[in-house]
Amino acid sequence: MNKKQSPSMDAWLKEAKEAEHAGKIGMYLVHNGVVRETAKAVVRQTDGDPRPVSGMFFSYDKEKVDAAIQETYGLEGIGYIRVWLNEGELDLGDDIMYVLIGGDIRPHVIDALQFLVGKIKNECVVETERKQEA
């Protein structure tokens, strides 16, 4: 499993603005998750290996991601969603995911982005940090 080429946000936004219900969308938000050097245990202040990260192995369950997307479409005001997830051995700075959400007003779009990214991170993916040697 090799990492994928990251998508173009310019192309995604162009497609979104040409989609069927684009006239009802007043705002788009993009989330771009990236492999960072700081260990998850340090950032989240939890128990775990605090050594710096040199990369990660990333995988996901497509059916669970699709279900999370469909659930997000059920939130108030949401009319457009696009998700891209990388996979395989990722290095520092590599893109992990992109999530684009469009909706009617800012509060709805912000809530939906937080909901969907949280659902993907907590229920749909496996991230195994590769630690730097001491």
Side-chain angles (χ1 to χ4, degrees):
M1 187 173 357
N2 295 325
K3 62 185 166 186
K4 301 175 186 175
Q5 178 67 38
S6 299
S8 161
M9 287 305 98
D10 288 338
W12 273 25
L13 284 166
K14 183 177 186 311
E15 290 172 18
K17 291 175 182 180
E18 294 171 354
E20 182 180 350
H21 301 293
K24 296 179 180 178
I25 305 294
M27 179 181 184
Y28 294 94
L29 280 179
V30 174
H31 166 81
N32 175 213
V34 179
V35 181
R36 66 173 179 271
E37 182 178 282
T38 308
K40 190 180 290 189
V42 172
V43 174
R44 295 206 169 47
Q45 299 179 352
T46 61
D47 291 334
D49 187 345
R51 288 182 299 156
V53 172
S54 62
M56 74 165 48
F57 179 80
F58 184 83
S59 64
Y60 62 94
D61 182 319
K62 183 178 178 346
E63 290 180 8
K64 287 182 179 180
V65 172
D66 290 344
I69 291 168
Q70 288 310 307
E71 188 175 353
T72 306
Y73 268 119
L75 299 178
E76 185 175 0
I78 301 307
Y80 190 88
I81 300 172
R82 185 148 181 200
V83 174
W84 173 89
L85 298 170
N86 211 336
E87 60 187 333
E89 289 291 335
L90 307 180
D91 297 316
L92 292 179
D94 283 347
D95 294 318
I96 299 170
M97 74 171 67
Y98 278 97
V99 176
L100 171 65
I101 297 198
D104 56 359
I105 61 174
R106 184 179 61 250
H108 292 158
V109 179
I110 290 170
D111 289 348
L113 183 68
Q114 186 166 338
F115 174 82
L116 181 54
V117 170
K119 198 118 174 111
I120 290 170
K121 296 281 287 178
N122 294 323
E123 299 176 17
C124 306
V125 305
V126 175
E127 297 174 305
T128 305
E129 294 177 329
R130 188 173 64 238
K131 301 296 184 163
Q132 294 179 11
E133 296 302 317

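For CZ of R106, the number of neighbouring non-hydrogen atoms (other residues, nucleotides, ligands) closer than 6.0 Å is 12 at most. Heavy atoms of other residues, nucleotides or ligands lying less than 6.0 angstrom from CD of Q114 number 12 at most. Atom NZ of K4 sits in a crowded spot, with more than 12 heavy atoms from other residues, nucleotides or ligands closer than 6.0 Å. More than 12 heavy atoms of other residues, nucleotides or ligands shown are found within 6.0 angstrom of NZ on K131.
Listed here is the closest heavy atom pair of W12 and P7: NE1-CB, 3.5 Å. Between V30 and M9, the closest heavy-atom pair is CG1-SD, 3.7 Å. The two residues A22 and A16 have their closest heavy-atom pair at CB-O, 3.6 Å. Across all their heavy atoms, S54 and Q132 have their closest contact at CB-CG, 3.7 Å.
Between K119 and E71 there is a salt bridge, since a side-chain N of the basic residue sits under 4.0 Å from a carboxylate O of the acidic one. Taking 4.0 Å as the cut-off between side-chain N and carboxylate O, D66 and K62 count as a salt-bridged pair.
Here the side chains of I96 and V125 are not in contact, with every heavy-atom distance at 4.5 Å or above. In this structure, the side chains of D95 and W84 come closer than 4.5 Å at one or more pairs of heavy atoms. Between D111 and L75, every side-chain heavy-atom pair lies at or beyond the 4.5 Å cut-off. Here the side chains of E127 and E129 are not in contact, with every heavy-atom distance at 4.5 Å or above. Using a 4.5 Å cut-off on side-chain heavy atoms (C-beta onward), Y60 and I120 make no contact.
Follow the hydrophobic side-chain contacts under 4.5 Å out from L90 and you reach V117 in the same cluster. In this structure, Y98 is not a member of the same hydrophobic cluster as I78, with clusters built from ILVMFWY side-chain heavy atoms closer than 4.5 Å. Under the 4.5 Å side-chain heavy-atom criterion for Ile, Leu, Val, Met, Phe, Trp and Tyr, F58 and V65 are members of the same hydrophobic cluster. Clustering ILVMFWY residues whenever any of their side-chain heavy atoms sit less than 4.5 angstrom apart, transitively, puts I25 in a cluster other than the one holding I105. Residues L92 and M56 share a hydrophobic cluster, clusters being chains of Ile/Leu/Val/Met/Phe/Trp/Tyr side chains in contact below 4.5 Å.
Once rounded to the nearest 0.5 Å, the distance linking CD1 of I81 with CD1 of I69 reads 6.5 Å. Atoms CE and OG, on M97 and S6 in that order, are 12.5 Å from each other to the nearest 0.5 Å. Between atom NZ of residue K40 and atom NZ of residue K121 there is a gap of 5.0 Å, rounded to the nearest 0.5 Å.
The aromatic rings of Y28 and Y80 lie perpendicular to each other, with more than 60° between the two planes, well past the 30° mark.
A distance-only check finds no donor-acceptor pair linking the side chain of K3 to the backbone of N86 [under 3.5 Å].
When the salt bridge (charged side-chain N to carboxylate O under 4.0 Å, His left out) test is applied to D49, the partners found at least two apart in sequence or on another chain are R51. With sequence neighbours excluded, the residues that form a side chain to side chain contact (heavy atoms under 4.5 Å, CB included) with L29 are M27, V109, I110, L113.
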